[in-house]
Amino acid sequence: MPYGPHTPDDRARMRAALGIASIDELFEDIPLAVRAPGLDLPGPLTELELSFRLRALAGRNRIDLASFLGAGVYRHYVPAAVDQIASRGEFYTAYTPYQPEISQGTLQTIYEYQSMLAELTALDAVSASHYDGATATAEAALMCLRATGRARILVSAGVHPEYLATTRTYLDGSRFALETVPLRADGTTDLAALERLLADASAPVAGVLVAQPNVFGILEPMAEATRLAHAAGALLVAVVEPVSLAVLAPPGAYGADIAAGEGQPLGLPLGYGGPYLGILAATSALMRQLPGRLVGRTTDADGRRAFVMTLRAREQDIRRERAASNICTNQALCALAATVYLATIGPHGLRDAAALGAARARELERALAAAGAPRVHAGPYLNEFAVHVSDAPRVHAALLERGILAGLPLATWFPDDPVLRDALLVCATEVTQTAEIEAFAAALRDVRTEVVA
Amino acid sequence: MPYGPHTPDDRARMRAALGIASIDELFEDIPLAVRAPGLDLPGPLTELELSFRLRALAGRNRIDLASFLGAGVYRHYVPAAVDQIASRGEFYTAYTPYQPEISQGTLQTIYEYQSMLAELTALDAVSASHYDGATATAEAALMCLRATGRARILVSAGVHPEYLATTRTYLDGSRFALETVPLRADGTTDLAALERLLADASAPVAGVLVAQPNVFGILEPMAEATRLAHAAGALLVAVVEPVSLAVLAPPGAYGADIAAGEGQPLGLPLGYGGPYLGILAATSALMRQLPGRLVGRTTDADGRRAFVMTLRAREQDIRRERAASNICTNQALCALAATVYLATIGPHGLRDAAALGAARARELERALAAAGAPRVHAGPYLNEFAVHVSDAPRVHAALLERGILAGLPLATWFPDDPVLRDALLVCATEVTQTAEIEAFAAALRDVRTEVVA
Amino acid sequence: MSEHIDVVAPGDAPGAPFGAADALCPAVGAALQPTLDELSRPGRRTARVPHPPAGALDGIPAEQLRSLPPALPEVAEPDAVRHFVNLSHLNYAVDTGFYPLGSCTMKWNPKINEWAARLAGFADLHPLAPDALAQGTLELLWDLERWLCEVSGMRAVTLQPAAGAQGELTGILMVRAWHRSRGDSARSEIIVPDSSHGTNPATASMAGYRTITVKSDARGGVDLDALRAVLGPRTAAIMLTNPSTLGLFEDQVCEIVDAVHAAGGLAYMDGANMNAVLGKFRPGDAGFDVMHFNVHKTFSTPHGGGGPGAGPVAVGEKLLPFLPSPRVLREQDGSFRLERPGERPTSIGRVRSHVGSTGVLVRAYAYLLAHGAAGLEEVSEDAVLAANYLRHRLRGTYEIPYDRVCKHEFVASASNLKRETGVRTLDVAKRLIDHGHHPPTIYFPLIVEEALLIEPTETESLETLDDFAGALEAIAAEAHEDPEALHSAPHSAPVRRLDEATAARQPDLHWRPMTGAQMPCLD
Amino acid sequence: MSEHIDVVAPGDAPGAPFGAADALCPAVGAALQPTLDELSRPGRRTARVPHPPAGALDGIPAEQLRSLPPALPEVAEPDAVRHFVNLSHLNYAVDTGFYPLGSCTMKWNPKINEWAARLAGFADLHPLAPDALAQGTLELLWDLERWLCEVSGMRAVTLQPAAGAQGELTGILMVRAWHRSRGDSARSEIIVPDSSHGTNPATASMAGYRTITVKSDARGGVDLDALRAVLGPRTAAIMLTNPSTLGLFEDQVCEIVDAVHAAGGLAYMDGANMNAVLGKFRPGDAGFDVMHFNVHKTFSTPHGGGGPGAGPVAVGEKLLPFLPSPRVLREQDGSFRLERPGERPTSIGRVRSHVGSTGVLVRAYAYLLAHGAAGLEEVSEDAVLAANYLRHRLRGTYEIPYDRVCKHEFVASASNLKRETGVRTLDVAKRLIDHGHHPPTIYFPLIVEEALLIEPTETESLETLDDFAGALEAIAAEAHEDPEALHSAPHSAPVRRLDEATAARQPDLHWRPMTGAQMPCLD
Ligand SMILES: Cc1ncc(COP(=O)(O)O)c(C=O)c1O
Ligand SMILES: Cc1ncc(COP(=O)(O)O)c(C=O)c1O
């Protein structure tokens with residue numbers, strides 16, 4: 001066995017203590033009819049061989065292109081301290097801090113995570129982590145349903161399609177209805193449509209989900225959307241991107257009841273989809289509706305300050321079918337990484353990162369417009385936007401060959417939308433370099449000539 | 001300032017406490033005539049910019065070739081635990097364990113390093129580390145001189161040329177003589193010549209330095225060389241490669257008095273020259289002649305086992321001009337890495353690594369011979385050997401372009417040697433793959449045809 | 001900026017070792033730490049990112065912007081890193097000692113897997129990168145799916161679920177989709193034995209089902225009669241944790257599956273405890289329709305202080321069409337691609353973003369390949385051997401409610417101690433801390449009084465197992481001699497027992513009364 | 001294989017928390033550990049490397065082979081890694097707290113530098129790789145040489161020396177080569193002030209010189225008259241540590257250099273303390289002929305529990321021809337190459353293998369570039385400000401033998417305490433441990449009684465400085481009230497004071513009486 005310490009002698013001593021002759025005696029409870037005959041698997045490999053195999057696979061991925069791809073997952077500069085701390089065995093090989101006396105490291109960092117996310121969102125109660133932005137959004141929708149006792153959720157069409165799909169899946173098992181609110185041509189949520197949908201008194205709305213920035217990078221009229229939701233007795237869920245909260249008004253400031261979002265930009269690698277970090281925050285009024293773990297400050301028997309998991313009666317191991325959610329394992333290590341990221345980049349660094357990304361995005365907008373790819377939407381944006389390029393998927397593929405990952409062809413998600421299927425969603429962050437922007441624009445010029453020709 | 005915590009306010013408070021108006025007052029002891037006007041340097045860079053610059057430089061190096069280059073520095077499989085432990089801040093940001101009560105981590109690992117190197121070399125006293133193989137060899141020569149009171153050192157021509165050069169430099173400042181002992185055509189040290197050189201009674205020899213394996217990969221008759229040295233009252237220094245000691249007879253077994261060597265193969269990266277690890281071990285008789293740090297086991301006031309630096313009266317901070325060496329900062333972190341390497345690969349793993357390298361080397365020998373590059377020397381070898389290729393430097397350059405780093409053209413070191421200037425020194429280790437060997441042989445065939453043509 | 005510094009309580013000396021209770025704070029060892037907020041001083045920072053040029057935020061309406069940066073702590077790198085390094089010393093972890101936390105499988109996390117997951121080719125790949133750029137990862141995921149099929153004896157696997165609990169939800173939503181596809185809308189109940197994991201009933205609720213709990217029989221298995229009594233046309237499925245949270249293999253597994261099938265329901269196996277039966281038992285062979293794996297348990301990916309994990313779900317023929325999207329597909333030419341949105345309309349849709357927690361799955365892939373078939377079987381054999389060895393050793397000292405061959409874990413109980421000495425399981429657990437061990441899971445499963453759920457795993461040496469058993473024996477002896485010392489344990493931890501009641505009554509979840517943004521914007 | 005297990009002393013229970021003295025061992029915090037040897041059991045291993053095929057060692061005469069593998073410990077990965085993680089908890093380090101170890105500059109080690117040094121392009125490059133493959137590193141080294149020239153005001157730099165002490169040897173061998181090149185063979189003495197670092201005289205000896213010690217004057221500077229008295233035709237050079245180990249800048253530096261030059265000697269500056277005067281003073285401007293840097297002090301590369309470091313040497317015009325080989329050269333086309341062996345016959349040769357400790361130099365490069373000129377000057381200003389601030393605060397409590405403006409460090413003395421209370425510097429140092437701080441360097445420099453050499457560095461917050469001063473003040477008060485508590489300190493460390501005398505009298509340097517190879521060869 002590759003990692004265990006047992007020698008044949010150790011095993012013999014344990015068998016002798018148990019008075020058994022063969023290990024098989026410990027598996028006699030498995031009915032013979034279904035006793036497995038052994039498995040057909042590759043391996044075992046020594047570590048040397050394994051390292052070759054893994055390196056070869058990793059090498060088959062291509063990460064060397066100039067990338068303008070974001071769409072909910074963003075490259076950022078991450079201080080080296082983040083991985084150095086997150087790779088400390090004391091953190092990453094611990095589990096849920098059931099024994100607070102020997103888990104104050106995990107507990108205090110979660111408390112600090114909650115505190116910093118509370119600062120970012122301007123909301124009081126922050127869960128210790130959910131799986132990712134999509135599931136945090138789905139849990140936010142469930143919270144709205146639980147908290148209001150209503151059965152209808154409205155989701156802006158500007159919410160990330162994967163979050164929308166996940167929320168749909170989560171609600172599918174139930175008697176709940178989900179409807180989408182369309183966008184206007186400028187890329188913002190159609191508030192008039194929202195108002196109409198909210199007005200249907202026969203099916204009162206539990207919650208309205210609006211993303212800021214939305215999936216097209218457009219900044220939404222959140223304060224107005226919140227006002228409309230609240231006027232109809234519904235809760236407002238802001239689906240947020242955390243780095244943007246260094247410069248954008250926080251959900252608490254415009255009255256949102258819940259904020260959900262993807263925490264990956266806070267120091268986590270792209271990692272082809274995860275592990276990521278689901279951010280979920282709410283006003284204190286909703287604290288007891290929050291699914292997942294919460295850590296609180298308290299004292300020990302000697303009066304020393306200490307931290308402990310709290311309000312656990314919402315959790316499945318205690319409440320079983322009456323729990324607020326089935327979540328058990330969460331994304332604590334990702335929350336730790338986010339905590340270290342925020343602590344080491346600091347408030348001014350985070351602001352610089354967000355604003356520099358925005359500055360680069362404005363460079364990108366000008367360069368692409370000059371190369372014949374104007375913005376699709378007129379609404380305000382931070383660091384991501386859609387541009388119009390005819391035959392976008394083919395152009396995108398041609399740019400790949402020139403070393404440019406030209407964002408996301410929106411045809412991926414909206415193949416039938418006459419505008420979006422000819423659009424690329426592009427983003428910039430503080431790691432985007434001016435030379436890359438120029439190379440993108442130049443390559444786009446070339447390719448458009450070719451594709452047209 | 002990039003890393004310091006002082007705010008303008010902090011500085012003002014300190015200045016106020018000191019009663020000074022300007023920081024300049026603290027530099028008035030520097031005579032005005034030599035007060036620097038400021039420096040002309042690039043920077044400062046933010047970390048983001050710095051990371052781009054460093055990544056670009058690292059990317060300009062080429063590490064993607066199939067490599068057969070060793071010549072004293074070897075690629076090995078290193079368990080991931082090695083860097084994970086060596087990058088723990090508690091180890092790498094500590095310094096010399098002057099306060100043993102709060103340095104038992106460093107002290108015990110050094111003790112374990114000494115113990116494991118003692119096992120490998122079969123010698124009793126192991127220094128806590130020297131700079132590298134070359135300086136450890138030079139210090140070994142100095143030890144011989146100090147211990148015997150004699151003034152002449154013999155070095156086999158099979159000792160690594162850079163170690164020889166370093167030893168020469170170290171001895172240069174003194175009244176000591178250094179002579180080399182030639183090799184025979186089979187690549188082993190000419191024992192007859194050694195005997196003749198030892199016989200000169202007018203200049204008695206303090207120490208004889210022989211490398212095992214020697215720089216051409218050839219295994220030397222160490223027992224015989226030791227007998228000859230001892231017969232003449234000289235000490236025998238074995239210059240060793242530590243991984244080979246898993247399969248080769250250890251210095252202590254053939255009676256060597258001192259072992260010196262390069263510890264890089266024990267889990268350290270190639271790193272373009274360092275930091276490396278100088279191994280220096282000696283019989284207990286020579287313990288007090290050992291330069292550098294030693295850690296010993298003792299007890300504390302409560303009788304608990306503990307570790308402490310010992311025999312410090314050899315060191316410069318205490319003995320100044322009467323110290324055994326001027327060494328102060330050593331390579332403790334590299335020794336730690338070696339300790340973790342040995343602990344995680346274990347005795348059988350180390351043996352497997354050494355023997356698998358030897359097996360691959362035998363494959364390589366056959367493949368190159370079949371491609372027209374036969375061995376230069378007939379002596380036995382472990383995992384490195386020289387092959388004859390006419391016009392070796394040009395062939396080497398041509399192979400580079402085919403993605404093969406064909407070892408070291410021996411013309412680098414021996415431009416005037418009629419045999420060696422047409423030779424390549426090639427090695428294999430356990431990480432060498434059969435496919436690489438085949439590619440090398442195939443490319444060599446091609447290139448030889450071309451170069452000849 | 002004065003508000004910011006004002007929130008530091010006077011007398012709190014940030015930067016100094018924290019804690020009025022400790023006059024002196026050791027230089028090495030575990031010392032409590034101030035919070036980052038207490039360490040913060042206006043203006044401290046390390047220059048990470050260049051300042052943006054003017055006009056960076058042009059075009060954004062003022063009311064959308066934040067006028068003040070968020071009041072995050074301002075700490076220079078030295079103080080920030082020290083803070084976390086010192087906090088880490090307050091943690092117990094697999095990397096520091098024995099962690100027999102039952103139901104959680106705190107086995108060794110191989111170090112090469114951490115290296116692998118950080119390879120730039122894996123870590124820096126965007127999840128929406130075109131398939132052509134992602135062939136390495138896609139091949140890895142494809143292989144991993146095949147291997148999990150083999151291990152489970154099932155037809156297909158989705159790697160998307162982010163954890164075991166999410167795997168359960170995924171599975172139960174597929175069950176619902178299957179019934180629905182057959183026009184059967186009457187099935188509103190999920191049957192859950194009382195020895196199942198808490199996530200099982202919680203999942204049933206989340207998926208809109210009613211939970212029907214079936215009690216265990218005297219041997220700790222499902223009471224077959226009780227099961228039969230609740231089966232019927234409302235039965236959507238059974239969720240069977242097997243081995244159960246009692247550490248017992250359900251030896252009536254075939255009868256149970258047959259009975260549920262006969263009633264028109266499906267059979268879900270919670271396979272989080274597959275680490276006990278790798279190569280010994282394959283749920284597919286017993287007729288299960290769907291199951292999940294807990295990658296962070298069975299295949300040893302680290303638990304990260306609470307996560308992340310991954311919860312792949314394996315299905316048989318019936319549920320194949322309903323698997324979440326996107327699946328990993330292999331093309332004729334041997335290349336791989338992700339299913340496109342909408343490509344398979346029968347799918348239940350997605351249960352999270354992207355293809356899954358790839359970084360966790362890379363580790364699982366490495367673990368499986370390092371072991372091979374024989375190695376995996378040995379994992380289970382050694383885990384079961386160690387658990388039975390400990391059960392055997394503790395038999396005379398603690399009650400063993402189900403004292404028969406267990407799998408990877410077993411339940412002991414301190415009921416006897418409680419009766420005889422007043423010492424409870426909680427006291428035993430806290431005292432174990434003084435002996436240098438992490439306590440087992442306690443008061444779980446809920447169906448055993450004063451439960452200690454002990455899972456030694458296969459990666460702990462015999463010396464460690466003996467030492468742990470010795471500690472439990474010593475504590476039992478101490479319970480008779482000096483129960484007070486146990487009630488007040490631990491004595492050697494950085495903190496003593498915590499006031500959990502106040503924590504819950506007056507929740508204090510962040511370091512400042514919420515005030516929005518407090519810090520003027522310097523730039 | 002029984003020998004192997006026999007060497008474990010009976011009663012020692014490896015795997016169990018070590019130490020008969022501790023009945024109980026805390027679960028978190030600093031606990032003493034068994035040695036690897038005690039953890040070893042025959043047959044434990046983790047499969048790292050494939051078994052070699054038969055015949056691997058063919059052709060090697062039997063007498064050259066080892067019949068038994070070396071008796072290294074056999075430990076599985078979990079136990080090995082835990083061992084080192086737990087040992088690390090016994091260490092104090094910059095990453096855990098304040099480390100004012102005078103003369104050692106324990107400043108912050110920026111984390112990005114660790115990342116940089118590990119970039120595969122740097123870390124996986126073979127030192128004998130052809131220049132064409134090494135252009136990135138060569139450019140880095142070239143730039144670093146230029147920057148160190150600018151910082152020192154000298155003409156050229158060699159990056160080869162592995163540490164400060166080796167830099168000294170390099171410099172003094174160049175001095176010898178210079179005199180020799182002029183046919184001047186009478187110069188056999190090196191002058192070393194008594195406030196110089198111990199490596200200076202040790203270097204002189206190593207290079208075959210006689211050391212002439214010159215005492216300091218009352219202000220802590222070189223006694224100029226005493227210096228003049230020893231200068232003469234035997235003077236090869238002076239080695240001046242500046243700022244000195246007293247933390248004082250030698251304000252007569254120009255006079256000293258002139259006097260030595262006038263006597264035909266050369267002037268060497270030990271620049272290990274350049275961190276105090278970056279951008280303020282350049283040795284070249286004052287006429288020094290040669291100097292070394294301590295990269296691990298001035299440019300903050302980590303000290304690694306004793307090393308590694310790097311000790312680049314800068315020279316003026318005179319010593320240029322003698323620089324060690326290989327130098328980094330730039331070609332006409334802008335590419336870089338290493339000097340070839342023998343290319344520059346005037347060179348003193350090499351002082352170690354390869355071009356230098358590149359991994360350390362990468363970190364120094366990153367540090368310099370992160371700071372720039374203004375940042376470096378600020379480093380020195382803040383270091384000097386912090387040292388003077390502490391000196392000022394401690395003035396009333398401890399003796400300050402040279403109570404004038406200091407540079408990066410200063411000497412305090414507990415002579416007053418010793419006189420008044422019997423408490424010595426050693427006691428003060430050990431008691432600081434109980435206060436959570438690493439003690440300063442003690443009993444060094446040798447010329448001050450009961451010395452405490454305190455170097456706060458520029459990366460410690462004002463709160464930390466105040467806390468440290470407060471601790472020293474509290475200890476002084478305690479010395480008067482309860483001197484016994486100080487004699488027996490530390491009280492909170494993992495071990496108490498050690499028996500160093502026995503350690504030296506009966507050296508026990510490894511865990512087994514030497515027996516050669518003990519373990520039969522299994523394969
Ligand atoms: C038997 C069982 N089922 C389900 C789960 C839930 O898995 P997760 O924590 O990954 O959500 C667990 C977790 O420990 C478990 O032990
Ligand atoms: C002033 C001075 N000179 C020389 C040295 C020796 O440098 P190294 O330890 O790098 O050999 C030191 C080391 O601390 C020093 O402080």
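Reminder, nothing fancy here: chain letters follow the sequence lines and each chain counts from 1. For clarity, every value in this text was computed on a predicted model and none was experimentally measured.
- Remark: the backbone N or O of C/Leu498 is not paired with any side-chain donor or acceptor of A/Asp300 at under 3.5 angstrom.
- Considering only heavy atoms from C-beta on, C/Pro50 stays 4.5 Å or farther from A/Tyr77 through its side chain.
- Among residues two or more places apart in sequence or in another chain, the side chain to side chain donor-acceptor pair (under 3.5 Å) test is passed with A/Arg15 by none.
- A side-chain N or O of A/Asp132 and one of C/Ser353 form a donor-acceptor pair less than 3.5 Å apart.
- Looking at C/Asn91, its side chain does come within 3.5 Å of a backbone N or O of A/Glu90 through a donor-acceptor pair.
- For the pair C/Lys280 and A/Asp29, the salt-bridge criterion is not met [side-chain N within less than 4.0 Å of a carboxylate O].
- For A/Glu101 (side chain) and C/Val495 (main-chain N/O), no donor-acceptor pair under 3.5 Å exists by modelled atom type.
- Proximity of C/Pro70 to A/Leu245: side-chain heavy atoms (C-beta onward) are nowhere separated by under 4.5 Å.
- Of the possible donor and acceptor atoms, none in the side chain of C/Glu77 sits under 3.5 Å from a partner among the backbone N and O of A/Thr344.
- Contact annotation: the side chain of C/Pro73 approaches that of A/Met116 to within less than 4.5 Å [non-hydrogen atoms, C-beta and beyond].
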message: Let's go through A/Glu162 and C/Arg350 carefully: what are the C-alpha distance in whole Å and the side-chain angles of both, what is the deciding distance for salt bridge (charged side-chain N to carboxylate O under 4.0 Å, His left out) to 0.1 Å, and is it a yes or a no?
response: CA-CA 7 Å; A/Glu162 299 198 352; C/Arg350 31 169 81 251; 3.2 Å; yes
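- Contact check on C/Arg512 versus A/Glu119 returns a salt bridge, with a Lys/Arg side-chain nitrogen under 4.0 Å from an Asp/Glu carboxylate oxygen.
- Here the closest heavy-atom approach between residue A/Ala58 and residue C/Phe122 is recorded as N-CZ, 3.6 Å.
- Looking at A/Ser325, the atoms closer than 4.5 Å to chain C (heavy atoms on both sides) sit in the backbone and in the side chain alike.
- Among residues two or more places apart in sequence or in another chain, the side chain to side chain donor-acceptor pair (under 3.5 Å) test is passed with C/His438 by none.
- Considering only heavy atoms from C-beta on, C/His354 comes within 4.5 Å of A/Tyr276 through its side chain.
- Only the side chain of C/Ile433 comes within contact range of chain A, with heavy atoms under 4.5 Å apart.
- Chosen from C/Gly198, C/Gly121, C/Pro127, the residue pairing most often with chain A at heavy-atom distances under 4.5 Å is C/Pro127.
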message: Applying side chain to side chain contact (heavy atoms under 4.5 Å, CB included) to C/Leu101 and A/Thr96, what does each step give before you reach the verdict?
response: CA-CA 10 Å; C/Leu101 195 68; A/Thr96 307; over 6 Å; no
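- Between A/Gln104 and C/Pro494 there is no side-chain heavy-atom pair separated by less than 4.5 Å.
- Comparing C/Val351, C/Val253, C/Leu369, C/Val85 by how many heavy-atom pairs each has under 4.5 Å with chain A, the most go to C/Leu369.
- Chosen from C/Ile348, C/Asn388, C/Val360, the residue pairing most often with chain A at heavy-atom distances under 4.5 Å is C/Asn388.
- In this structure, A/Pro250 and C/Arg66 have side chains that are in contact, with non-hydrogen atoms separated by less than 4.5 Å.
- Neither the backbone nor the side chain of A/Ala253 comes within less than 4.5 Å of any heavy atom in chain C.
- Two residues are said to be in side-chain contact when any heavy atoms from C-beta on lie closer than 4.5 Å; A/Asn61 and C/Leu133 fail this criterion.
- Using modelled atom types, one side-chain atom of C/His126 and one backbone atom of A/Val73 make a donor-acceptor pair closer than 3.5 Å.
- Side-chain atoms of A/Thr298 never come within 3.5 Å of backbone atoms of C/Glu500 as a donor-acceptor pair (strictly under, hydrogens ignored).
- Side chain to side chain, A/Asn326 and C/Thr199 fail the donor-acceptor criterion of an N or O pair below 3.5 Å.
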Criterion side chain to side chain contact (heavy atoms under 4.5 Å, CB included) on C/Leu509 and A/Val126, from CA distance to verdict: CA-CA 8 Å; C/Leu509 306 181; A/Val126 178; over 6 Å; no
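- C/Thr358 contributes a side-chain N or O that, together with a main-chain N or O of A/Tyr272, makes up a donor-acceptor pair within less than 3.5 Å.
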